[in-house]
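Letters A, B, ... are given to chains in the order of the sequence lines, protein chains preceding strands, and every chain is numbered from 1.
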Protein chains: 2
Amino acid sequence: MDTTSNGAEGAVVPATKAAATRDRILAAAARTLSLKGYSATRLADIAELAGLRPPAVYYYFASREELIAEVMAVGQSRLREHVETVLAALPHDTPPMDRICAAVEAHLRVELDLSDFATAVSRNSGQLPEDIRARLREDSAAYFELWRDLLATAKAVGAVRAGIDLRVARMLVMGALNWTPEWWNPRQGSLTGVIRTAQSLVRHGLGAP
Amino acid sequence: MDTTSNGAEGAVVPATKAAATRDRILAAAARTLSLKGYSATRLADIAELAGLRPPAVYYYFASREELIAEVMAVGQSRLREHVETVLAALPHDTPPMDRICAAVEAHLRVELDLSDFATAVSRNSGQLPEDIRARLREDSAAYFELWRDLLATAKAVGAVRAGIDLRVARMLVMGALNWTPEWWNPRQGSLTGVIRTAQSLVRHGLGAP
DNA sequence: GCGATTAATGAATCTAGATTAGATTCAAAA
DNA sequence: TTTTGAATCTAATCTAGATTCATTAATCGC
């Protein structure tokens, strides 16, 4: 069902051997980007992790930039889709603030545990060349939109304290979440611990008493 | 009292013309790093902004890495010192949660308005080569320590809700703050607006009701 | 088994940028 | 006026990586 070492990179099982190699390169790039960051990511590092020589990468991708752009695109959409899926599975009468907390959990899980691609996005989105950034814009905007809606709905039913600037609050919350890969380490704290505290912070930070 | 264009980069007035040039290069590097990020920062960009040819930089700094390391060191300590100064100026009986809010404000001000150096640090600390990172470790740890104390004190007087993991909460809050340079733009929102919402989020997010 | 296509390689090339070498300017001291 | 040292420049060098390419190895349809 899956090709990577990382628990649940939910790639469809590749149809051909070639597609498998391509996925392996992509996954290696995602992992390297998530660990070392954009500037320190050499094509040679990626190739090595994928068990290949650097030129082989060009058989599958037009350029290093192309490869990285694809990692980011996958990461961005995987992030958004995971959160959307989780939200869609909630009972229809779930209170808005509970939906926000579910989104917090989903975001953290995908970013810290499920996908190197998502990690790569949050760790590097601020460092990308304009070129790549432009390609992410649409998907990224959709994700912001999702959060905007979550907050707006909560506000509409009076679940958000007065005096909170919704745009600012949204960016602060997303910032707190996006920064987690910089400090969280699976070996020293439990993921559910992070999730619980983040939810508590958000719920009481935004919520009316 | 000051040499830069940016409002309040509180450098001491340089003793000699040479020192002024050095400061100009440093400031140019800080600004470039804060705007373009580590990977996109060319020595040529810095030199141009400082009104020089790239080789001239070597008259003042041993290498690009050295220059960047110094920017980061200045930024990190400026950030910490500004927050420390603000906290030290508070009345001694200021309640712990108010002290936290003051720190939030100070951090945001120095990062978003007062110092390109501080911005450079929060935007790039995750991308730096191990080498430079090592040099920041001490100062950076001191800053974390400061926040640790702030939260621990608040907790001690019962100002923090139960069920909050202090370490996680601290990192989430600092993440929210450190992420702000990625999205905040002076032209579209007021700084005080950001500050107010951030304080509200933190106060209610952490605080006992 | 056997050509044809697909995958991958080692060795060579190309290039952006950092760095160095050496020449030049210029203000101040002698 | 000459000398000197500090500050800067232009032109050349050096290097890490990305990229290209001619060739080899693997795989597949028959």
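When the P atom of D/dT19 is taken as reference, atom CZ of A/Arg64 falls 8 Å away, rounded to whole Å. Rounded to a whole Å, the CG atom of A/Asp45 is 8 Å from the P atom of D/dG17. Distance A/Leu43 CG to D/dA18 C1': 7 Å, rounded to the nearest Å. Nucleotide C/dA16 holds its C1' atom 8 Å from the CZ atom of B/Arg42, rounded to whole Å. Rounded to a whole Å, the CD1 atom of A/Ile68 is 12 Å from the C1' atom of D/dG17. The OH-P distance, from B/Tyr58 to C/dA18, rounds to 7 Å in whole Å. Atom OH of A/Tyr59 and atom C1' of D/dA22 are 16 Å apart (whole Å). For the pair B/Tyr38 OH and C/dG17 C1', the computed distance is 13 Å after rounding to whole Å.
Residues passing the side-chain hydrogen bond (donor to acceptor under 3.5 Å, both in side chains) test with B/Ser190, sequence neighbours excluded: B/Thr192. By the salt bridge (Lys or Arg N to Asp or Glu O under 4.0 Å) test, B/Asp165 pairs with no residue at all, sequence neighbours left out. In this view, B/Pro91 and B/Asp93, B/Thr94 satisfy the side-chain contact (heavy atoms from CB on, under 4.5 Å) rule, not counting sequence neighbours. Partners of B/Ser39 by side-chain hydrogen bond (donor to acceptor under 3.5 Å, both in side chains), not counting sequence neighbours: none found. Remark: B/His204 pairs with A/Arg161, B/Ser200 by the side-chain contact (heavy atoms from CB on, under 4.5 Å) rule, at least two apart or across chains.
By the 6.0 Å and 45° rule, A/Arg80 does not stack over the aromatic ring of A/Tyr143.
Contact annotation: A/Thr21 does not reach the phosphate of C/dA7 (side-chain N/O to OP1 or OP2, under 4.0 Å).
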Sequence-aligned protein contact record of nucleotides 9-14 of chain C, with B where the base is within under 4.0 Å of a protein heavy atom and S where only the sugar-phosphate is: BBB---
